[in-house]
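The figures that follow rest on heavy atoms only: side chains count, while hydrogens, waters and symmetry mates do not.
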Amino acid sequence: MTRDALRVGRFSQAGGIYLVTTATAGRLPVFADFGCARMVVREMRCLAIQGDLTSLAWVLMPDHLHWLIQLGHGASLSPLLRAFKGRSARRTGRPLWQRAFHDRALRREDEILPAARYIIANPVRAGLVQKVGDYPHWDAVWL
């Protein structure tokens with residue numbers, strides 16, 4: 001699927017909850033580097049501090065990010081992700097992200113916790129760690 005095809009019909013609602021997945025350029029495992037990973041986490045937290053979003057759960061894998069967010073009022077998903085990707089790429093001084101991202105709106109309350117569990121269990125499913133607590137790059141508001 002092309003980047004433009006992913007945009008067709010995309011609508012983001014202020015206050016909406018979205019599961020976002022985005023990958024690194026070329027799916028390179030750049031976040032295997034601890035310092036690079038923590039820099040991206042700092043950029044994620046900056047968006048939350050600014051009030052653009054509430055970060056509900058996330059995991060930064062070596063070559064991609066799963067992020068469950070609630071948009072702030074007046075925030076729109078595409079510009080928000082574009083700003084995040086641009087700022088984090090500038091900090092590394094190289095292309096960091098694929099241009100496209102995948103998102104899924106969670107419209108029912110009973111979808112949120114299963115999505116969060118899916119996100120934080122990703123390193124275990126990928127065989128990177130035996131238990132979630134051993135992986136350094138994740139968080140969830142429920143813990």
Side-chain angles (χ1 to χ4, degrees), residues 1-92 94-126 128-129 131-143:
M1 182 173 284
T2 68
R3 172 178 53 90
D4 292 332
L6 287 172
R7 291 182 178 166
V8 173
R10 180 171 279 159
F11 168 76
S12 59
Q13 180 177 1
I17 296 176
Y18 295 87
L19 171 55
V20 176
T21 300
T22 190
T24 61
R27 293 300 297 244
L28 295 174
V30 295
F31 305 127
D33 176 286
F34 188 85
C36 187
R38 297 321 291 177
M39 178 277 309
V40 168
V41 171
R42 280 192 298 277
E43 287 301 323
M44 292 166 62
R45 289 189 173 140
C46 281
L47 290 172
I49 290 168
Q50 294 169 357
D52 295 328
L53 59 84
T54 299
S55 197
L56 302 175
W58 56 267
V59 65
L60 186 62
M61 299 293 286
D63 65 351
H64 66 281
L65 168 67
H66 293 291
W67 199 3
L68 184 62
I69 62 172
Q70 183 170 20
L71 291 178
H73 295 290
S76 184
L77 192 58
S78 289
L80 194 67
L81 267 288
R82 187 171 34 255
F84 160 72
K85 287 178 173 187
R87 288 191 336 210
S88 56
R90 279 190 296 282
R91 290 204 181 272
T92 64
R94 66 180 187 163
L96 188 59
W97 301 101
Q98 290 180 1
R99 291 183 68 180
F101 64 91
H102 179 268
D103 67 283
R104 181 169 70 97
L106 304 181
R107 292 183 175 88
R108 294 188 347 249
E109 185 74 29
D110 64 348
E111 295 178 305
I112 297 169
L113 280 176
R117 287 184 186 111
Y118 167 82
I119 289 168
I120 63 172
N122 212 266
V124 175
R125 282 193 309 278
L128 298 176
V129 292
K131 57 185 181 182
V132 172
D134 292 340
Y135 193 73
H137 311 301
W138 71 276
D139 198 9
V141 295
W142 297 276
L143 302 173

So how far is it from [X] [atom1] to [Y] [atom2], rounded to the nearest 0.5 Å?
X	Y	atom1	atom2	answer
H64	F101	NE2	CZ	16.0 Å
L47	R45	CG	CZ	12.5 Å
Q98	D63	CD	CG	9.0 Å
I119	L60	CD1	CG	12.5 Å
M39	L96	CE	CG	6.0 Å

| task | Could you note down all residue pairs passing side chain to side chain donor-acceptor pair (under 3.5 Å) where residues 113-126 supplies at least one of them, sequence neighbours left out? | result | H66-N122

| message | Give me each pair satisfying side chain to side chain donor-acceptor pair (under 3.5 Å) with a member in residues 48-60, each pair once, sequence neighbours excluded. | response | S55-W67

| task | Using modelled atom types only, decide if a donor and an acceptor are shared between the side chain of Q70 and the backbone of G16 within a distance under 3.5 Å. | result | no

Where is the tightest heavy-atom contact between [X] and [Y], given as atom of each residue plus distance?
X	Y	result
P123	V59	CG-CG2, 3.6 Å
V30	C36	O-CB, 3.8 Å
E111	R104	OE2-NH1, 3.7 Å
I69	L80	CD1-CD2, 4.5 Å
A100	T22	O-OG1, 3.4 Å
M61	A126	CE-CB, 3.7 Å

| said: Before you tell me yes or no, could you show the steps for V41 and F31 under side-chain contact (heavy atoms from CB on, under 4.5 Å), namely the whole-Å CA-CA distance, both residues' side-chain angles and the distance that decides it to 0.1 Å? | reply: CA-CA 10 Å; V41 171; F31 305 127; over 6 Å; no

| field | Any residue meeting ring pair (Phe, Tyr, Trp, His ring centres under 6.0 Å) with H137, in chain and number order, not counting sequence neighbours | value | F34, Y135

| Any side-chain heavy-atom pair of V129 and V124 under 4.5 Å | yes

| query | With a 4.5 Å limit on heavy-atom distance, are the side chains of L53 and F84 in contact? | reply | no

| query | Only one of R91, R38, K85 forms a salt bridge (Lys or Arg N to Asp or Glu O under 4.0 Å) with E43, so which one is it? | reply | R91

| message | For a side-chain contact (heavy atoms from CB on, under 4.5 Å) check, start with the C-alpha distance between D103 and L81, then their side-chain angles and the critical distance, and finish with the verdict. | response | CA-CA 11 Å; D103 67 283; L81 267 288; over 6 Å; no

